Asks: 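Below you'll find the structure I mean.
Nothing here was measured: the structure is a model prediction, and the numbers come from that model. Every heavy atom of this structure was used, including side-chain atoms; hydrogens, water molecules and symmetry mates were not.
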Amino acid sequence: HFIDVGTRLGRLEETQQLIRRFSEFYPGDANLGCDYAALLDKLGRSGEALAHLEELLLLSPDNTRVVDLVDKISSSAS
């Protein structure tokens with residue numbers, strides 16, 4: 001899992017760029033999108049994370065992982 005490896009190595013910015021690139025190739029992949037949003041949140045970029053998740057909700061409005069992550073990030077950002 002890229003995020004786990006990036007976290008252990010302290011290379012979150014590079015990991016974020018890699019995950020962003022993958023998500024561009026697979027925009028409808030909710031799991032990848034959630035991983036990307038979680039990483040953005042971990043980097044302190046919760047606004048970007050929520051914007052990305054809102055795009056995912058348009059494609060997968062009933063995806064509980066996306067909805068749960070939106071709730072988690074929204075509550076921690078306020």
Side-chain angles (χ1 to χ4, degrees):
H1 204 253
F2 289 121
I3 294 174
D4 295 335
V5 173
T7 300
R8 281 195 307 268
L9 296 175
R11 302 183 75 158
L12 291 180
E13 286 293 334
E14 288 118 334
T15 303
Q16 178 269 323
Q17 292 170 12
L18 182 63
I19 299 293
R20 185 196 74 226
R21 189 77 171 128
F22 282 142
S23 69
E24 289 171 359
F25 284 110
Y26 304 102
D29 186 323
N31 286 323
L32 181 59
C34 283
D35 288 346
Y36 179 61
L39 183 57
L40 286 172
D41 185 50
K42 189 177 271 194
L43 288 167
R45 295 162 54 183
S46 58
E48 288 178 65
L50 288 170
H52 186 73
L53 290 168
E54 287 175 13
E55 290 177 21
L56 280 177
L57 282 173
L58 294 175
L59 299 171
S60 305
D62 298 325
N63 187 302
T64 56
R65 183 172 180 214
V66 177
V67 172
D68 290 346
L69 192 53
V70 167
D71 290 343
K72 178 182 177 232
I73 294 173
S74 294
S75 67
S76 67
S78 50

Asks: Do you know the tightest heavy-atom contact between Pro61 and Val67?
Replies: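 Nearest heavy atoms, Pro61 then Val67: O-CG2, 4.1 Å.
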Asks: Heavy atoms only: give me the nearest Ala37-Ala49 pair and the separation to one decimal.
Replies: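 The pair with the smallest heavy-atom distance is O-CB, 3.2 Å.
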Asks: Only counting residues at least two apart or in another chain, list the ones meeting salt bridge (Lys or Arg N to Asp or Glu O under 4.0 Å) with Glu14.
Replies: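 Glu14 satisfies salt bridge (Lys or Arg N to Asp or Glu O under 4.0 Å) with Arg11 only.
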Asks: Provide the full list of ring-ring contact (aromatic ring centres under 6.0 Å, His included) pairs with a residue in residues 27-78, sequence neighbours left out, each pair given once.
Replies: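 Listed by first then second residue: Tyr36-His52.
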Asks: Roughly how far apart are Leu56 CG and Leu69 CG, rounded to 0.5 Å?
Replies: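 Rounded to the nearest 0.5 Å, the CG-CG separation comes out at 9.5 Å.
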Asks: Would a single hydrophobic cluster contain both Tyr26 and Leu39, if residues Ile, Leu, Val, Met, Phe, Trp and Tyr are joined by side-chain heavy-atom contacts under 4.5 Å?
Replies: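 Same cluster.
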Asks: Rounded at 0.5 Å granularity, tell me how far CD1 in Ile73 sits from CG in Asp41.
Replies: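 Rounded to the nearest 0.5 Å, the CD1-CG separation comes to 4.0 Å.
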Asks: What are the two closest heavy atoms between Leu43 and Glu13, and how far apart are they?
Replies: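 Nearest pair, atom of Leu43 first, then Glu13: CD2-OE2, 3.7 Å.
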Asks: CG/Leu40 to CZ/Arg20 distance, rounded to the nearest 0.5 angstrom?
Replies: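 These two atoms lie 9.5 Å from each other.
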Asks: Look at the side chain of Ser75 and the backbone N and O of Lys72, then say whether any donor-acceptor pair between them is shorter than 3.5 Å.
Replies: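 Confirmed, Ser75 side chain pairs with Lys72 backbone.
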Asks: For Leu59 versus Pro27, what's the shortest heavy-atom pair and its separation?
Replies: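 So the minimum-distance heavy-atom pair works out to CD1-O, 3.6 Å.
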Asks: Group every Ile, Leu, Val, Met, Phe, Trp and Tyr by side-chain heavy-atom contacts under 4.5 Å, then state whether Phe25 and Leu32 land in the same group.
Replies: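 Cluster IDs for Phe25 and Leu32 match.
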Asks: Between Asp29 and Ser23, is a side-chain contact (heavy atoms from CB on, under 4.5 Å) present by the stated rule, with each step listed?
Replies: CA-CA 7 Å; Asp29 186 323; Ser23 69; over 6 Å; no
Asks: Quick one, Arg65 with Asp35, criterion side-chain contact (heavy atoms from CB on, under 4.5 Å). Give me CA distance, side-chain angles, the key distance, then yes/no.
Replies: CA-CA 10 Å; Arg65 183 172 180 214; Asp35 288 346; 2.7 Å; yes
